[in-house]
*Asks:* 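A single structure is presented below for examination.
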Amino acid sequence: MKLQMAGIDFHTVPLAERERAALTANQAERLLSRIRQMEGVQGCVLLSTCNRTELYLHGSRDPAAVLRDVFAGLPAVTREGEAAAKHLFAVAAGLESQILGDGQIITQVGNAIALARQQHTADSLLDSLFRRAVTAGKRVKTETVLSAVPASAAWQGVRLAEDSLGSLQNRRAVVIGNGEMGRLAARLLREAGCAVTVTLRSYRHGETVVPAGCATHPYDDRYAALEGADVVVSATASPHCTLSAAPFLTLCEPPRLLIDLAVPRDISSEIRGIDGVRVYDLDDLGGQADENPEERQRAERILVEELEKFRQWAAYREALPEIAALKEELLDRLRHDHSYPGLCASRDAEGMACLAVCKTAELLLGGMKGAIGREQLKTCLERVKRGANHGKR
């Protein structure tokens, strides 16, 4: 069994292709259960964000073939072993994000392993891998400053709006979507000087949180809220378009700038063809240059440290059968060693002696797990056996 991953991201495919592989939480739940039941799969985790869809798999099955089957031939980049682990650590740290240091990715990685745990598809290897990746991401976030500017698609979208309109002071903005991304966009637009209206769905349950200073409007009547607006940001998890061309064309004063932060995209492609209307999506936001290269190097050193901790844990885990065999061999020698006739004179004494041998072996081998591997343990076991045979002669 081995660790493998396969996936697509903004580096390898355009947004139109990434839309095909975008997953809601319910879709991810069903797909995880389906993959886990496949032959040769010991554990699996799905990471689906606006910029990537990746399958992490522990087992002998080809994850790229799984994704091709699920998403009708979608090409995927594959990685194995330490390369797969290293990639996930870089993703969790925001080093592989379209916007360097993306602050949301740690939560998304954490949510991916939480969902896999909930669906009972994450085995101990994947659970440890993702926990260590989240730890690495948090360290990078708190111990480095990758960029001098905020790192989020919402911030990039607001900056683009400001560049396009000259200034956002006293502009009218409408934000469709009240999830994490929508709320962040609304707050940033408000801070930039906009009068912001946020659309709310009438069937939304639980507490509704709207950024301070923002007005609200029913989602079902959203086109009315667009009249006279300067900029619209749409950021929902809906599988359907939030804005379509036909009702948009009925507006007397339609907005001229629309920013789509969703995958799949919220805004119909037909609106892009309307004269005088500019529509931007995630791929239009572009990347962000390394403004602090020394900080990036520091972040990469953190990832190396955390990856080494995972490597040591994985190597120790892989060597557990050899450790168990070595302990059993030592116990067998103890039981048959006549040099100390009183050592196992009673059942209690034998139990205490066996416990002492096991604990000593565990402490010694555990302390050396960074330096000793499976092959060295096999060699050690063979030498112990040879010594035992020599003693018997």
Side-chain angles (χ1 to χ4, degrees), residues 15 19 50 99 104 149-150 152-204 207-286:
L15 182 55
E19 285 179 317
C50 59
I99 299 169
Q104 294 182 307
V149 297
S152 72
W155 186 88
Q156 290 283 70
V158 171
R159 188 180 71 170
L160 187 151
E162 199 161 28
D163 291 344
S164 299
L165 298 175
S167 171
L168 294 180
Q169 283 292 330
N170 301 318
R171 299 282 189 173
R172 278 194 56 211
V174 176
V175 176
I176 301 173
N178 193 40
E180 183 179 356
M181 184 74 78
R183 289 195 298 270
L184 178 56
R187 179 175 63 79
L188 292 171
L189 285 165
R190 185 80 182 89
E191 291 173 356
C194 284
V196 181
T197 298
V198 178
T199 67
L200 299 179
R201 295 181 183 270
S202 58
Y203 56 82
R204 186 183 179 107
E207 183 182 4
T208 298
V209 179
V210 178
C214 295
T216 61
H217 193 90
Y219 172 81
D220 292 341
D221 191 35
R222 59 194 177 282
Y223 288 98
L226 302 188
E227 280 285 7
D230 296 292
V231 58
V232 175
V233 176
S234 192
T236 77
S238 172
H240 310 293
C241 288
T242 58
L243 296 179
S244 300
F248 188 88
L249 287 170
T250 65
L251 298 175
C252 297
E253 295 183 63
R256 296 299 177 182
L257 178 62
L258 296 93
I259 299 173
D260 193 336
L261 301 181
V263 178
R265 282 171 286 191
D266 279 344
I267 300 172
S268 168
S269 59
E270 296 175 351
I271 293 180
R272 285 180 175 264
I274 299 175
D275 288 342
V277 176
R278 289 169 291 174
V279 181
Y280 298 101
D281 58 35
L282 286 170
D283 280 358
D284 295 318
L285 299 184

*Asks:* Any heavy-atom pair between the side chains of Tyr219 and Ile176 that's under 4.5 Å?
*Replies:* yes
*Asks:* Within the 4.5 Å heavy-atom criterion, are Arg278 and Arg272 side-chain neighbours or not?
*Replies:* no
*Asks:* Would you call Asp260 and Arg265 a salt bridge, taking side-chain N to carboxylate O under 4.0 Å as the test?
*Replies:* no
*Asks:* Which atom pair, heavy atoms only, marks the closest approach of Val174 to Ala229?
*Replies:* CG2-CB, 4.0 Å
*Asks:* So, for Thr216 and Thr197, which heavy atoms are closest and what is the spacing to 0.1 Å?
*Replies:* C-CG2, 4.1 Å
*Asks:* With distance as the sole test, does Arg171 use its side chain to make a donor-acceptor pair with the main-chain N or O of Ser167 at under 3.5 Å?
*Replies:* yes
*Asks:* Would a 4.5 Å heavy-atom cut-off, applied to side chains only, mark Ile274 and Leu249 as touching?
*Replies:* yes
*Asks:* What I want to check is whether the side chains of Ser244 and Ser268 have a donor and an acceptor closer together than 3.5 Å.
*Replies:* no
*Asks:* Is a donor on one side and an acceptor on the other found under 3.5 Å between the side chain of Asp266 and the backbone of Thr236?
*Replies:* yes
*Asks:* To the nearest 0.5 Å, what is the distance between CD1 on Ile267 and OH on Tyr280?
*Replies:* 12.0 Å
*Asks:* What are the two closest heavy atoms between Ala235 and Met181, and how far apart are they?
*Replies:* CB-CG, 3.8 Å
*Asks:* Using every non-hydrogen atom in the two residues, find where Ser234 and Thr242 come nearest and quote the distance to one decimal.
*Replies:* OG-OG1, 2.9 Å
*Asks:* Could you pull out the closest heavy-atom pair between Asn178 and Val209, with the gap in Å?
*Replies:* ND2-O, 3.0 Å
